[in-house]
There are 2 protein chains.
Amino acid sequence: MVTNCANCPLRKIDVFKDLDRDELAYMQRFKHGELKIDSQSTVLMEGSNSPQLFTALKGMGLRYKTLEDGRRQVVNFVLPGDFIGLQAGVMGEMKHSVEATTPMVLCVFDRSELWSLFKTQPERAFDLTWAAAIEEHFLGEALATLGQMDAIERMSWGLIRFFMRCESLGLVDGDRCPFPYRQQDLADTLGLSLVHTNKTLMKLRQRQLLSLEAGILTLHDPEALKELAALEIEPVVQRPLI
Amino acid sequence: MVTNCANCPLRKIDVFKDLDRDELAYMQRFKHGELKIDSQSTVLMEGSNSPQLFTALKGMGLRYKTLEDGRRQVVNFVLPGDFIGLQAGVMGEMKHSVEATTPMVLCVFDRSELWSLFKTQPERAFDLTWAAAIEEHFLGEALATLGQMDAIERMSWGLIRFFMRCESLGLVDGDRCPFPYRQQDLADTLGLSLVHTNKTLMKLRQRQLLSLEAGILTLHDPEALKELAALEIEPVVQRPLI
DNA sequence: GTTCGTGCATTAAACTACGACATAGCTGAC
DNA sequence: GTCAGCTATGTCGTAGTTTAATGCACGAAC
């Protein structure tokens, strides 16, 4: 456990960088531990009584909301380094859950420890807020996509965005990156039906812009895709705003 | 100026509560000042070189993104107490702007002061992060709305959400609240065309669920609207998560 | 006062992108 | 083998967009 936390990506993304040289003290202070979950298992983050916050360490998944009638909206893909849980429990209506699409390792720590973090480790708190700002920005962009763009634009946007996130995590090999999601997941991300998602993917494949099979996404022509996405996409900024 | 900051809503929403008894010191420490803008004027928040953060003090407006081809997505309505500016400048593609739809008063302070806030006033920093979490949650809900709901559901959701925000600010009089927006603004919020927005509004009016005229929104049957919005809406929580 | 212009709400008619449904193929699990 | 879950395509209906015309309030010019 402790050894695992030594190379905890929390540090990698600088959210808790330089926390403490003593790993044991780190564990104790934040009461955090490791949680392994299988592929396809879900973590429900109900209302404010979700006492825990997570950071994804390994694996991939997705974060989504469910409506009572079964409709599902994927809010974002979950990649290593992502901080999850703050956004739950603010208001109380839709169910907010995280599902692993590959085996995952999460770093868990107690929500009650958050306040002490702000008091004792302002730098880390600052980084955490910065992470929230990045997420907020991403959601605004997603909102514009669902509100204004058609199927092809949405698909291009979604796949490029995912690819670039992988890129910044060093998960890209040439023009290929892992993509452990089903077309249904993509549909629920982009606000399209499964069928239409499939057809849109086909169009892009036929235009030789990408291929998507066996959990591998390949972008043959990222530039053309960016054109289609109707926006000039810049890489994700990692550095703070001071 | 200083007197104006004495009843600065920053305190009201507890983001900067109990900052300093001395208003002058408050002003000096955060180099913040007052900015009055007319109705229909806009503030552009380009990339990371937007050096300022705002809090809305008085009036209403909207925060939106613009695509190169002119399409516009309203991200959220701006009401007194809203903290704006963190989300800009993280990545760099769509233009992010704020437009006043009534005369507004903003409280401005320097982005460079943010870091000192985290070091010296952890409680305020904590509240700020909490505010970001609320916003993040709202955006997730908006995303689910644009991705999964049809026109009537979207309209019901949007108007109820706005009404409840007004409620929590004490701006509601009976079943009426101010609504200083055009139908085009609503359309760009909900991802609908202007004509369809109009038709949808008409349907809801004919069902006696609401009326919307002369800048006043009246909800005759909030319960029925909540049913239509396909979600059980809870009031916005103001208290922190410790 | 009339006349024009401008901005917004309203309504109707033509067109289209997308969803619903149905069906079939493909793969791996058992 | 069968069964379950995912992908692939075709047809058709509809919820939505686009365009355009009308009305209506308000202000400026004269």
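The analysis underlying the following values was restricted to heavy atoms, covering all of them including side chains, and did not include hydrogens, waters or symmetry mates. Labels below follow one simple rule: chain letters A, B, ... track the order of the sequence lines, proteins then strands, and each chain is numbered from 1.
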* Structure fact -> Residues passing the side chain to side chain contact (heavy atoms under 4.5 Å, CB included) test with B/Leu171, sequence neighbours excluded, are B/Met60, B/Cys166, B/Leu169, B/Pro178

* Qualifying residues under ring pair (Phe, Tyr, Trp, His ring centres under 6.0 Å), relative to B/Phe163, sequence neighbours excluded -> none

* **Contacting residues from residues 177-187 of chain B, given that a heavy atom lies under 4.0 angstrom of DNA chain D** => none

* Asked: Residues in side chain to side chain contact (heavy atoms under 4.5 Å, CB included) with B/Thr189, at least two apart?
  -> B/Val74, B/Phe77

* Out of curiosity, B/Ile134 CD1 to B/Asp82 CG, how far, rounded to the nearest 0.5 Å? -> 10.0 Å

* Atom pair distance, as rounded to whole Å: CG in B/Leu194 and P in C/dC8 -> 10 Å

* Asked: side chain to side chain contact (heavy atoms under 4.5 Å, CB included) with B/Asn76: which residues, sequence neighbours excluded?
  -> B/Arg63, B/Glu135, B/Phe138, B/Arg165

* Asked: Given atom CG of A/Leu201 and atom P of D/dT9, what is their separation to the nearest angstrom?
  -> 11 Å

* Structure fact -> Sorted by chain and number, sequence neighbours left out, salt bridge (charged side-chain N to carboxylate O under 4.0 Å, His left out) with A/Arg182 holds for A/Asp185

* Asked: Does the side chain of A/Asn198 get closer than 4.0 angstrom to OP1 or OP2 of D/dT7 through an N or O atom?
  -> no

* To do: Nearest 0.5 Å please: distance from the CG atom of A/Leu192 over to the OG1 atom of A/Thr197.
  => 4.5 Å

* Asked: Could you state the CD-P distance from B/Gln206 to C/dT10, rounded to the nearest angstrom?
  -> 11 Å

* Just how large is the angle between the end axes of the helix from C/dG1-D/dC30 to C/dC30-D/dG1, five pairs per end, to 10 degrees? -> 30°

Identify each donor-acceptor pair in which a side-chain atom of residues 200-212 of chain B lies under 3.5 Å from a protein atom, sequence neighbours left out, and give them as a table.
from: B/Thr200; atom 1: OG1; to: B/His196; atom 2: O; distance (Å): 2.7
from: B/Arg205; atom 1: NH1; to: B/Leu212; atom 2: O; distance (Å): 2.8

* Interatomic spacing from CG in A/Leu228 to CD in A/Glu223 - rounded to 0.5 Å -> 11.5 Å

* Presence of A/Arg205 side-chain N/O under 4.0 Å of D/dT9 phosphate oxygens OP1/OP2 -> no

* To do: Rounded off to whole Å, could you give me the CG-to-P distance for the A/Leu204 and D/dA8 pair?
  => 13 Å

* Spacing of B/Asp69 atom CG relative to D/dT18 atom C1', expressed in whole Å -> 15 Å

* Asked: B/Arg71 CZ to D/dT17 P: how many Å, rounded?
  -> 13 Å

Please tabulate, one pair per line, each protein N/O and nucleotide N/O from nucleotides 13-17 of chain C that are separated by under 3.5 Å, including the distance.
none

* Asked: In whole angstrom, what separates A/Met155's CE from C/dC18's P?
  -> 11 Å

* Structure fact -> Going 5' to 3' through nucleotides 22-30 of chain C and flagging B where a protein heavy-atom sits under 4.0 Å of the base, S where only the sugar-phosphate is that close, and - otherwise, we get ---------

* To do: Please list, chain by chain and in numerical order, all residues satisfying side chain to side chain contact (heavy atoms under 4.5 Å, CB included) with A/Asp175, sequence neighbours excluded.
  => A/Thr218, A/His220

* Sequence neighbours excluded, which residues qualify as side-chain hydrogen bond (donor to acceptor under 3.5 Å, both in side chains) partners of B/Gln184? -> B/Asp188

